Every structure is written in structure tokens, then in C-alpha cells.
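Worksheet: the structure to be examined is printed underneath.
First listed ligand is number 1; within each ligand, the first listed atom is number 1. The structure displayed is predicted, hence computed values, not measured ones. Each residue takes its place number in the sequence, starting with 1.
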Amino acid sequence: MPNQPVPSLIEPFGVQFDLVEGAMRDSESRIARRASDMRGYYADDAALERLIAAEGDPVHYETFESPVPEQYGQVKFCISKLYPGLVGDECFMTKGHYHAVIQTGEVYLCLKGQGLMMMKTAEGRCSREPFAPGRLVYVPPYWAHRSVNTADEPLISLCLYPGDAGHNYGDIRTDGFPKRVFRRNGTIAVV
Ligand SMILES: [Fe+2]
């Protein structure tokens, strides 16, 4: 097929996960998002500023990336570790993203914790799936996705996605997701 991208020939390899800590040993890179990176994403901006000031801008979530080229035909994988907490009464969450190549899906296998995968399409559709240990969430092509931690321990997932998927924050910074997740008096509310 003309102009079909061709993946590099790389050597097979294995990696060791730490399932208790929610980490990939010897990962290519660890990306940490701090509370200050989340400005503009929560409903209560002032509550986020109070959290940053009181707790010294804590790490909000971490991603341990695999040493796989970002190419068509490769299968990227990572560990996502989202810490527990509240901004006001809104549960800690990731920014969320579309894939730059929007025709690509992703699977999230929850290893630890409890939460929700919030999903939306650019056309305004909205969906969610629960995270629990051993539960796999399938994110089809076209769906933006955001993890939310509804418990008191880290939410840890193994993510697998096409190598060329990429990230696109699109309308999320400005429009967010149609639903937010709150914990009020110990009860989870999706509003
Ligand atoms: Fe993704």
C-alpha cells in the first residue's frame, strides 16, 4: 500500500511491573502531573489553589511509559497511577485526552483502586465505566477519556494503545467533560 507507515524493527523485550506500587520498573520515562498542572480543569479553582498552597503542589498523577516507538504498528503501554483526593468535593482526575490519531482505541486494565473512566465524543456523547481491580475498560476510537479516582488509595491501571495514537487535549481544557464526579458525605455523585 503506498505511503503506509512502516514500524521500526526493534528487539523483543520484557518489563517487570510492581503491582503493589503501581510502577513499571526501568520505565523509559516517568511523567508526573502536579496539582498546579491541573489549573482550569476542576470546577472549584480556589479549592485547587488552597490545595497547592497547603500541600506544596503534590504529584496528582504519574505515568510510567514503555520504551516503544510512537509508530504505526507498535503497541505502546504504560502504567497510570492517579492519587486519591478531593479538590473541594470533586474527586482527583486526569486531564483526559483524545488521541491525535482519533481512529485509535485503548484498553485500560485496572490493577488497583476504584474509580470511573469518563468518556465523551466531540459530538457531545457521554459515557462512563467503573474501574475496579481486574476490570478492563475499552475506550473505542473517537472517545476522549479521563480517569477519576473515587477511593482513598491510588487508582492504578495498565494502558495499551496503538503506537501512533498520540495525545490531543482538544476541547477538554475549555469545555471539560459533560459530567463531573464528586464525593459528598462519603457518597459518589456524577453530576
Ligand atoms: Fe489514551
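Between the Fe ion (ligand 1) and the N, O or S atoms of E106, the shortest distance is to OE1. Looking only at N/O/S atoms, H99 comes nearest to the Fe ion (ligand 1) through NE2.
Using a cut-off of 4.0 Å between Lys/Arg side-chain N and Asp/Glu carboxylate O, E129 and R135 are scored as salt-bridged.
No side-chain heavy atom of S66 sits less than 4.5 Å from a side-chain heavy atom of C78. Under the 4.5 Å side-chain criterion, counting only non-hydrogen atoms from C-beta, Q103 is in contact with Y142.
Between the Fe ion (ligand 1) and C159 there is no N/O/S contact shorter than 2.8 Å. At least one N, O or S atom of H97, from either the backbone or the side chain, sits less than 2.8 Å from the Fe ion (ligand 1).
Heavy-atom neighbours of R125 CZ from other residues, nucleotides or ligands within 6.0 Å: at or below the threshold of 12.
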